[in-house]
Amino acid sequence: MSTLAFRARRRTRTEERPPGGLGRTPYSYLVLTVLGLFAFLPVLVLIVNAFKTSLEIGTNPLGLPSSLDLSNFAEAWRKGNMARGFANTAVLVLGTIVGTWLFAGTAAYSLARLNLPLKRAIENYLFVIISLPVQMFIVPLFFLWVKLGLINTLVGLVVIYVALNTPFSVLLLRTFLVGIPRELDEAARIDGANEWQVATRVILPLSWPGFATVGLVAGLGAYSELLFAVTFLIDVEKMPVATSFLQFSQGFTQLYNLVNAAGVIIVIPLIVLFLLMQRRFIAGLAASGTKG
Amino acid sequence: MRQRRRSRLIAIAFALPALALNLLVIAGPAVSSIVYSFTDWNGITSPEFVGLANWSRLIADGAFWNAIGNNFVYLLLFLTVPLAMGLLGAFMLARIRRGAALFRVVYFIPYLLVSVITAQIWRNILDPEFGLAAALHGIGIHWLDGVYFFADKRFALYSVAFVDNWHFWGFLVVLFLAAMQGIDSAQYEAARIDGANAWHEFRHVVLPGIRPTLTFALTIIAIGSMLVYDYPFILTQGGPAGSTDVASLLVNRTAFLARDAGYASAIALALSVLSAIFLVLFGFLRRREES
């Protein structure tokens with residue numbers, strides 16, 4: 001609804017433009033195309049070189065491949081142990097999403113709808129925690145994880161990812177939960193529902209867009225994260241696909257056909273997901289803000 | 001009264017798991033890192049209090065100043081190039097109708113890529129034998145022959161920052177575009193009636209209209225540049241000869257390879273204070289705008 005109104009407004013604006021204004025658009029398209037090529041051509045190099053033999057990259061570094069040979073992908077999958085990498089990534093991503101939903105969901109519910117003391121102070125505390133740099137706690141955390149036996153385990157990494165995602169997720173979910181009318185849960189309580197039932201049966205179905213955004217940001221983060229993954233995991237068997245890709249690319253330097261093929265396999269799920277749910281991606285990443 | 005206390009207890013029970021987790025992973029280690037910065041500690045045996053020794057060592061440590069210097073070069077590059085590209089892309093995108101959605105998707109794709117893949121793309125393109133240089137060589141242009149972008153200490157830092165910029169600027173386009181679309185169209189009309197050209201429109205309507213978003217972008221760029229880790233780690237490991245070493249790499253090397261965790265805590269704390277200064281500075285700017 002609001003997008004329609006928005007489009008209509010934009011359209012009238014352009015049509016009311018004085019003729020001199022419209023004459024400027026060819027320059028806009030020129031600049032936009034140059035920027036578009038700058039963004040897209042490198043991605044194209046990744047893809048086309050994944051189809052070449054390593055000999056062909058030497059003679060034809062950036063051009064189109066002579067044939068659409070898929071054997072690089074099969075070889076990269078096998079040599080890079082990508083099945084194992086994706087299994088580890090799945091544990092990390094799913095664990096992080098579910099954990100963040102549980103920890104951030106309950107806390108946001110309490111902040112938004114329950115009789116929690118010191119609400120204001122807790123919110124301010126969360127803002128401070130969000131802006132805390134990772135370097136402020138990574139060193140003691142590493143040695144604490146050594147002591148607790150959580151180093152070099154996927155569970156240990158999931159706990160860290162959940163803790164990193166929770167503060168911003170609490171604040172985001174809170175804004176969704178505050179907007180739901182109080183009459184709804186009071187009616188459910190009169191019908192004999194307890195707090196947990198109110199939260200999961202009444203409130204959760206009404207606030208799912210917030211949970212979807214939080215899940216997307218947390219899942220994407222776990223898929224791509226590097227610093228904690230390379231620091232807290234030691235054995236290559238435990239590494240998620242992005243981190244083991246780094247090892248693979250260092251082991252096969254200059255075999256660009258093979259390494260690029262592995263790269264394409266890793267990137268495909270992200271691109272497909274993005275094309276399916278663009279709006280939520282952009283909203284979520286803008287809200288979380290600091291991936292740069 | 002009992003009802004009230006019961007409802008409070010339930011509320012606390014809902015909030016407790018998140019706060020406990022936060023204490024374990026973030027707040028607890030953050031506070032202890034302040035304490036450790038005054039100790040000699042290898043991470044395993046009990047730390048030994050050494051007063052300000054780590055801090056005086058830090059002030060005299062050439063490796064620290066080299067790394068921080070590189071962080072500032074990174075900051076300068078990021079405050080100019082991606083910001084200009086983001087503003088330009090968003091401004092042009094706000095002026096067109098057809099194809100805007102497509103351009104927006106294309107600009108955003110690099111931002112989606114995992115950092116290790118982005119690095120791989122540019123390692124390939126900037127490889128002297130298998131990339132752009134070889135392609136140009138093939139058609140008789142020899143400008144890039146034998147140029148090692150990541151292995152030559154004259155170019156390495158700029159090359160790493162360039163790759164990071166390629167990954168990042170599309171995010172700024174999307175961020176700025178959303179802000180520009182929020183500007184009241186009457187302001188554009190007024191500017192056009194006054195005979196404003198594109199530059200005037202940008203300077204006097206768009207820039208003031210997106211100032212809060214601009215401040216936000218400056219904040220994340222400043223903090224991101226102070227804490228940058230991924231691309232220097234993947235592409236150069238801080239080399240050659242420390243030319244791409246940044247503070248985050250130094251912290252991790254000192255703590256986990258040299259096992260000098262007390263001193264690493266001091267470096268990390270200095271870095272955190274530096275990024276806190278930027279945070280306060282930009283927070284102050286934002287507050288002044290709001291009032």
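Any value given below was found using the heavy atoms of this structure, including those in side chains, with hydrogens, waters and symmetry copies removed. So that the names make sense, note that chain A is the first sequence line, chain B the second, and so on, each numbered from 1.
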Visitor: Side chain from CB out, backbone as N, CA, C, O: work out which of these in Pro110(B) comes under 4.5 Å of a heavy atom of chain A, or both, or neither.
Guide: side chain

Visitor: Tell me whether Tyr256(A) contacts the main-chain N or O of Arg123(B) through its side chain, where contact means a donor paired with an acceptor under 3.5 Å.
Guide: yes

Visitor: Look at Ile160(A), Ile129(A), Leu270(A) and state which one has the largest set of heavy-atom pairs under 4.5 Å with chain B.
Guide: Ile129(A)

Visitor: Hey, does Pro167(A) have a side-chain heavy atom less than 4.5 Å from the side chain of Asn22(B)?
Guide: yes

Visitor: Using 30° and 60° as the class limits, which term best fits the ring planes of Phe38(A) and Trp169(B): parallel, tilted or perpendicular?
Guide: tilted

Visitor: So which of Ile271(A), Val230(A), Leu164(A), Leu132(A) has the biggest tally of heavy-atom pairs under 4.5 Å with chain B?
Guide: Val230(A)

Visitor: Is the side chain of Ser33(B) donor-acceptor paired with the backbone N or O of Met136(A) at a distance under 3.5 Å, no angle test?
Guide: yes

Visitor: When only pairs under 4.5 Å are counted, which of Val105(B), Leu271(B), Val251(B) shares the most heavy-atom pairs with chain A?
Guide: Val105(B)

Visitor: Between Leu24(B) and chain A, with a heavy-atom cut-off of 4.5 Å, which part of the residue counts as in contact: side chain, backbone, both or neither?
Guide: both

Visitor: What part of Phe108(B) lies closer than 4.5 angstrom to a heavy atom of chain A: side chain, backbone, both or neither?
Guide: side chain

Visitor: For Leu46(A), which of Asn124(B), Leu113(B), Ile117(B) qualifies under side chain to side chain contact (heavy atoms under 4.5 Å, CB included)?
Guide: Ile117(B)

Visitor: Taking every non-hydrogen pair under 4.5 Å, which of Ile223(B), Val106(B), Leu9(B) racks up the most with chain A?
Guide: Val106(B)

Visitor: Using a cut-off of under 4.5 Å for heavy-atom pairs, which of Val134(A), Leu126(A), Leu275(A), Thr33(A) has the most such pairs with chain B?
Guide: Thr33(A)

Visitor: Of all of Trp166(B), Trp41(B), Trp122(B), Phe91(B), which one pairs up most often with chain A through heavy atoms under 4.5 Å apart?
Guide: Trp166(B)

Visitor: If you count heavy-atom pairs under 4.5 Å between each of Leu269(B), Leu172(B), Asp127(B), Thr219(B) and chain A, which one has the most?
Guide: Asp127(B)

Visitor: Report yes if the side chains of Tyr107(B) and Leu32(A) come closer than 4.5 Å at any heavy-atom pair, otherwise no.
Guide: yes

Visitor: Please state whether the side chain, the backbone, both or neither of Asn60(A) comes within less than 4.5 Å of a heavy atom of chain B.
Guide: neither

Visitor: Checking Ser28(A) side chain against Arg95(B) main chain: does a donor-acceptor pair fall under 3.5 Å?
Guide: no

Visitor: Among Leu111(A), Leu246(A), Leu102(A), Thr166(A), which residue forms the greatest number of heavy-atom pairs with chain B at distances under 4.5 Å?
Guide: Leu246(A)

Visitor: Given that the side chain runs from C-beta out, which part of Val174(B) has a heavy atom under 4.5 Å from chain A: side chain, backbone, both or neither?
Guide: side chain

Visitor: Counting heavy-atom pairs under 4.5 Å to chain A, which of Ala276(B), Ala255(B), Gly43(B) comes out on top?
Guide: Gly43(B)

Visitor: Identify which of Ser37(B), Ala18(B), Ala13(B) forms the greatest number of heavy-atom pairs closer than 4.5 Å to chain A.
Guide: Ala18(B)

Visitor: With chain B, which of Leu114(A), Asn115(A), Val31(A) has the greatest number of heavy-atom pairs at distances under 4.5 Å?
Guide: Asn115(A)

Visitor: Taking every heavy-atom pair that is under 4.5 Å apart, which of Phe40(A), Trp145(A), Trp196(A), Tyr223(A) has the most such pairs with chain B?
Guide: Trp145(A)

Visitor: Is it the backbone or the side chain of Asn165(B) that comes under 4.5 Å from a heavy atom of chain A, or both, or neither?
Guide: neither

Visitor: Show your working on side chain to side chain donor-acceptor pair (under 3.5 Å) between Ser249(A) and Gln120(B) and close with a plain yes or no.
Guide: CA-CA 8 Å; Ser249(A) 70; Gln120(B) 174 65 18; 4.6 Å; no

Visitor: Counting only heavy atoms closer than 4.5 Å, note whether Phe256(B) contacts chain A via side chain, backbone, both or neither.
Guide: side chain

